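What you see is a predicted model; the values in this text were computed from it and never measured.
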Amino acid sequence: MSRQRPAPPGRRTPVALAVPALLAIAFLLIPLIGILVRTSWGELGTHLSSPGVTEALRLSLVVSLWSLALSLVLGVPLAWLLARVDFRGKAFVRSLVLLPMVLPPTVGGVALLLGFGRRGLLGPWLEDWFGITLPFHTSGAVVAATFVSMPFLVISLEGALAGLRPSYEETAASLGASPLKVFWTVTMPMVAPGLVAGAALTWARALGEFGATITFAGNLPGTTQTLPLQVYLLLQDEPEAATSVSLLLLAVAMAVLVSLRGRFTGTPTGRPRNGKQAAPADTAGEPTPLEPPPVPVAKWPLHADVTGFTRLTLDAEPGTTIAVVGPNGAGKTTLLRALLGLTPRARAELRLGDLDVTKLAPHQRGVAWVPQDGALFPHLSALANTAYGLRAQGVRRGEARRTAQQWLDRLGVGHLAHRKPGQLSGGQAQRVALARALAPSPRLLLLDEPLAALDQTTRAHVRHTLRTHLSGFGGVCLIVTHDPVEAVSLADRVLVLEEGRTLQDAPPAEVSRHPRSPWVARMLGRNALAGTVAEDGSLTLADGGRLVLADPAEAGTQALAIIAPEAVSLHRERPEGSPRNVWQGTVREITIVGSRMRVLVGAEDAPDLVAEITPQAAAELHLADGVPVYTSVKATEVTLVV
């Protein structure tokens, strides 16, 4: 028999907190218990079926439903504006939205009278021009209920919109969907839980509104006398009936809160709703990706002049794949977003073929974008995701779905067409995202680290699929990556960025042999030492130390010395003989790369170097973190890039 483990000390509730919390619960619960205890259960049906109560109930439902409709029409755009648009006075507008929630309802009613009453600011104008009189009319009760209840919808929906990553909407725009189509087909479905929660709270608040209604619209039976006002009247003459009607309102409020448990915000997670787990792997038992069909494709050469944070000129012929690399903050993603027309940080004068798309909106450019996470729409199946761009271009539903299925088949995920994104593995999702981007036949394809989130095995499979289908693409493809394998295996050119400028633009082989950036050299697994050529032909290193060169450059030249890890030798004692570059240091880190080991050696007055050795050599040298060693490099093993 297992014994119950005692709760850890950190989980015990302090008495000083528990007692006030229990008192607070009792404070909230006692009035509700009072209603239940004082209700005349035997006369409940009689009280609720009386003519006055039924008429007030009917009117309450009419007023609350019209109030909900008006709140949806006005509140949804306002919530979107607050969540998506930065404008001057935004804090004031948000405070204005919150004001009815903290304002006494009777004060709100007085404000409505002064604004929309017969002697208010707009009341006479509404009556003279449109014949609309709000006070003492059912429409006035609707306006009063909307005034106090709409903030619940706006706040709930704004929170859901703020939690929705913009990449979903931006990806939809890159597939050709107009802003309104994106709003209705992507934004609204993904924030539906937040919208439903806000709508339910809005309706419940409108159903229970009292103060603003009686002040602005009056208390006319059959016209403005809603259930809360009926309770107020019954309390004076028939308190038992007032308690029964109060119980009805309490039951409605509790039903709304219970139905919304845990759903006050609606940020989508992308998880499958049926509880199924995502596929554990995407490499075994799947159809082999098909070769792209030999059909003629349009050719779209690229010319771009980018200004702003990222400054460069880019020209490429159709079918060219360019890997964009550089350190964090170099401007890689900014470049892609500038080509999409989605960032104020940079602007691109963009020409695709003979078409100048500079002044076109993102959805009109024909530039498809696949962000790092794929941004598959979680409410759509893989097939519907892939057909999205075609449908946005006006293709008939049947034809769009047939074309989408063909693309899924070509990328080896056709059998997953009816799965939601949350039921796909990482590799499967990336293939679907690629199919979605290629299906509408874009003029330019932008991939932002498409394989970064995948494991090594899945990455290799998806990389092969990507390489196969990029070979038949009629436009230019830009791939942002930090993986040297991707840059070498997928790209025809490697564009190296640093601080928004082009540092190197060359074929992968040239960049591998002569990297002009320490970051690129280290990305390729090489040691990169920056310095200045001295009078004696050696390289004075920026990080300290001196490097002897076999082929020195002109004195004063800024240069980058590239040393392969295999060219760095390790010794426990100072070596004698041919090595002209010897430094003493300490082992700082040992990592295993395949069948070899990489050892990082650092010193205060010498450059940090990475040496690659066999496990046998490491064992013979008795290497471990903190062990003192000597590093040596022959001058002939140093490649100088100027």
T557 side chain vs E554 backbone, donor-acceptor pair below 3.5 Å: yes
message: I'd like to know whether CZ of F87 has more than 12 heavy-atom contacts from other residues, nucleotides or ligands below 6.0 angstrom.
response: yes
- request: For residues 491-523, pull every pair meeting ring pair (Phe, Tyr, Trp, His ring centres under 6.0 Å), keeping only residues two or more places apart or in separate chains.
  value: H482-W519
query: Side chains of L302 and D315: closer than 4.5 Å at any heavy-atom pair?
result: no
Minimum heavy-atom distance between A400 and L390, given as atom pair plus value: O-CD1, 3.6 Å
task: Verify side chain to side chain donor-acceptor pair (under 3.5 Å) between D305 and T313, making sure each step is shown before the conclusion.
output: CA-CA 5 Å; D305 287 314; T313 298; 2.8 Å; yes
message: Quick test of your reading of the model: are D448 and R337 salt-bridged, counting only N-O distances below 4.0 Å?
response: no
- prompt: Can you name the residues that form a side chain to side chain donor-acceptor pair (under 3.5 Å) with E498, not counting sequence neighbours?
  reply: none
- prompt: With sequence neighbours left out, what residues match T502 under side-chain contact (heavy atoms from CB on, under 4.5 Å)?
  reply: L312, L495, L497, D505
query: If you take all heavy atoms of P440 and L175, which pair is closest and at what distance?
result: CG-CD2, 4.3 Å
query: Any donor-acceptor pair under 3.5 Å linking the side chain of S512 with the backbone of P508?
result: yes
query: Can R546 and T540 be counted as having a side-chain donor-acceptor contact under 3.5 angstrom?
result: no
query: Any donor-acceptor pair under 3.5 Å linking the side chain of K420 with the backbone of L380?
result: no
query: Taking it one step at a time, do Y388 and R391 satisfy side chain to side chain donor-acceptor pair (under 3.5 Å)?
result: CA-CA 5 Å; Y388 185 89; R391 294 287 291 144; over 6 Å; no
- request: Flag the pair L339 / L478 as yes when at least one side-chain heavy-atom distance between them is below 4.5 Å, and no otherwise.
  value: yes
- prompt: Is there side-chain contact between L529 and L560, with heavy atoms separated by less than 4.5 Å?
  reply: no
task: Indicate yes or no: at least one non-hydrogen side-chain atom of S167 is less than 4.5 angstrom from one of D373.
output: yes
query: Are any of the side-chain heavy atoms of Q428 and Q423 separated by less than 4.5 Å?
result: no
Close side-chain approach of L383 to R401, heavy-atom, < 4.5 Å: yes
- request: For residues T586 and V601, determine if any side-chain heavy atom of one lies less than 4.5 Å from a side-chain heavy atom of the other.
  value: no
- prompt: Is the backbone N or O of A316 less than 3.5 Å from a side-chain atom of H303, with the two atoms forming a donor-acceptor pair by type?
  reply: no
- prompt: What heavy-atom pair brings L446 and L336 nearest, and what distance separates the two atoms?
  reply: CD1-O, 3.4 Å
- request: Hey, could you give me each pair passing side chain to side chain donor-acceptor pair (under 3.5 Å) that has a residue in residues 520-532? Not counting sequence neighbours.
  value: T532-Q558
- line: Heavy-atom closest pair (V154 atom, V97 atom, distance to 0.1 Å) is CG1-CG1, 3.7 Å
More than 12 heavy atoms from other groups under 6.0 Å of CD on E499: no
field: For S174, all residues meeting side-chain contact (heavy atoms from CB on, under 4.5 Å), sequence neighbours excluded
entry: T171, L340, W369
Basic-acidic side-chain contact under 4.0 Å: E566, R596: no
message: Could you check whether any side-chain N or O of R598 sits under 3.5 Å from a backbone N or O of E589, counting only pairs where one atom can act as donor and the other as acceptor?
response: no
task: For residues V641 and I562, determine if any side-chain heavy atom of one lies less than 4.5 Å from a side-chain heavy atom of the other.
output: yes
message: Whether the side chain of T358 engages the backbone of L350 through a donor-acceptor N/O pair (distance < 3.5 Å, no angle test) should be reported.
response: yes
message: Between R347 and E349 (salt bridge meaning N to carboxylate O under 4.0 Å), is one present in this structure?
response: yes
- request: For F183, check side-chain contact (heavy atoms from CB on, under 4.5 Å) against everything at least two apart and list the hits.
  value: V76, W80, T187, M188
- request: Inspect the contact between K299 and E317 and indicate whether a charged nitrogen and a carboxylate oxygen are less than 4.0 angstrom apart.
  value: no
